[in-house]
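A quick write-up on the structure given underneath.
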Amino acid sequence: MKEMIYQTICPGCGVGCGLFIRENDEGKLSIDHMKSSPVNLGKLCRFGMKLPHYYAKANNAVNMTDGSAVDAETAIKAAVEILKDADTDSVALLSVGNTSNEEQMAFTKLAETLGTVVQTGIQKMCMPEPGTLAEIEKAKKIVLFVDPYVQYPLIVRRLLAAKKNGAHIISVGTNPLNLADETLDLKPEQYGELELDSESLIIADVHPNSDAGILKSVKSLAKGTGAGIQFMKPFMNSNGAALLANKDGNMMGLAELMEDIELGNIRTLVTLDSDPVELMPDAEAAIEALKNLDKLIVIGSVNGPAAEMADVVIATDPVYSKAGTFLNVEDSLQENSGTGKAGVDALSLLNAGIGGKTFTHDEMNYLVMKTIGSRETGTAQCKGSEIELSLVEIPEDMYELRYLYNPFMWSDREDDNDFVLLNRNTVKKLGLKKGGCVNLKGEMGELKMRFRVEAIPDGLVLTAKKLPIAKGVSTAISMEVC
Ligand code: SF4
């Protein structure tokens with residue numbers, strides 16, 4: 001094989017940083033920076049820099065039936081048989097936006113043939129129009145509901161440019177940020193204290209485990225003050241997935257979907273580059289829920305825990321070598337130079353096998369462009385009710401272990417964030433020694449972790465790594481010295 005160079009985008013988050021992936025004649029991958037990419041000017045965060053590990057051959061999905069490797073045709077035939085036998089009312093399709101628009105559209109076609117919808121893992125909610133990331137630099141006041149360093153590192157340069165232009169930056173939350181002029185730990189009813197106006201910009205994020213109550217308050221804050229709002233999203237094509245899902249149907253949040261699986265209302269699950277075990281905060285609970293399914297069909301490019309449990313795995317091309325387009329968080333359309341069409345081809349055969357039509361990648365691309373061209377603006381997604389998630393009550397004598405979501409956590413990859421963050425008071429109270437460890441105890445068991453001291457509020461423990469003792473985004477724990 002001769003050396004190949006692919007122009008692509010990073011699958012780590014919705015910023016959609018452009019880069020080149022170079023594949024040498026032995027199949028080894030390396031990164032070349034794409035300075036011409038307007039999104040990131042060639043820069044990549046730690047996740048982007050580690051993409052060759054993410055794309056390592058060992059992580060690639062393999063066509064499988066009942067745990068044994070098979071060819072694509074056999075895997076597709078097995079999936080057809082499952083879907084033909086299934087009660088269509090109990091079939092669910094899940095795609096959060098980790099793949100191209102064209103595969104997303106093909107998945108929607110499959111959903112239509114089955115008489116169902118593609119779930120994106122985000123409950124139906126009214127979303128404002130995305131702004132461009134360049135607008136960050138022009139805002140006079142910026143309110144951050146995210147930690148950009150950890151969650152969306154490539155917007156840090158925009159925030160620094162805004163600061164240079166005189167912007168006042170407020171971080172709402174518990175984690176003081178270097179670039180913020182002030183950090184305010186505010187409850188939603190106190191958001192009025194932020195004193196925003198039409199020259200202000202709010203940056204928050206929406207993901208399958210977002211708290212709907214907080215999102216609602218953030219949107220009301222923008223609406224009531226005239227401030228702009230930029231919702232960041234954790235998946236490379238979250239916007240494409242939301243746009244192309246046949247969303248007039250019953251859209252559920254990921255937690256609701258998992259609950260329906262647990263209750264036995266969903267008996268067959270088909271996923272497209274969306275592993276519930278990686279996406280749910282409690283991996284063990286997700287595995288237990290998936291065991292309730294009669295059949296699990298996993299379609300995707302990456303081998304994850306759900307693929308290991310699946311009755312059928314249909315392998316698609318790795319993101320960097322796929323043909324297709326993606327919509328980033330600012331709704332900017334980006335295109336891969338790759339030519340891999342295995343995903344759309346497999347979905348076409350699957351669709352035909354259950355009584356629908358075959359289709360080509362070009363046809364899917366045509367429909368994608370048509371949908372993008374004719375999309376409604378403003379209130380298009382504002383139909384239907386919003387669902388409140390309840391916040392976890394933390395007993396007074398316990399600590400709150402809270403997830404600090406980041407690209408490594410969403411895709412469940414190794415990182416060197418092998419510590420929890422505690423404040424000085426907690427370290428003193430527990431008698432922890434520098435370089436030592438802390439024992440975290442919750443309902444799910446206990447765990448020894450290294451710790452780092454940060455100026456966070458009393459009672460809080462932050463983790464940027466998925467921990468097996470966490471039950472959700474927030475978990476009540478006790479702690480003691482190891
Ligand atoms: S994870 Fe997000 S910010 Fe980091 S390189 Fe990838 S797309 Fe850019």
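Any value given below was found using the heavy atoms of this structure, including those in side chains, with hydrogens, waters and symmetry copies removed. Quick caveat, the model's predicted, so the values are computed rather than measured. All ligand and atom numbering here is 1-based and tracks the order in the structure.
- Inclusion of Cys17 in the first shell of atom 8 (Fe) of ligand 1 is supported: an N, O or S atom falls under 2.8 Å.
- Distances below 4.0 Å separate heavy atoms of Gly12 from the following atoms of ligand 1: 1 (S).
- The two residues Val15 and Val39 make their nearest non-hydrogen contact at O-CG1, 3.3 Å.
- Ion pairing between Lys163 and Asp181 holds under the 4.0 Å rule for side-chain N and carboxylate O.
- Atom 6 (Fe) of ligand 1 has no N, O or S atom of Cys13 closer than 2.8 Å.
- Between Phe20 and Tyr6, the ring center distance fails the sub-6.0 Å criterion.
- The Gly16 neighbourhood of ligand 1 comprises atoms 7 (S), with distances under 4.0 Å to a heavy atom of that residue.
- In this structure, Asn239 contributes its side chain and Asn328 its backbone to a donor-acceptor pair below 3.5 Å.
- Counting heavy atoms closer than 4.0 Å to ligand 1, residue Pro407 contributes side-chain atoms (C-beta onward) but none from N, CA, C or O.
- Here the heavy atom of the protein found nearest to atom 6 (Fe) of ligand 1 is Cys10 SG, 2.3 Å.
- Across all non-hydrogen atoms, the minimal contact from Leu272 to Thr99 is CD2-CG2, 3.8 Å.
- Distance alone, capped at 3.5 Å, is enough to place a donor-acceptor pair between the Asn59 side chain and the His53 backbone.
- In terms of protein heavy atoms, atom 4 (Fe) of ligand 1 is closest to Cys45 SG, 2.2 Å.
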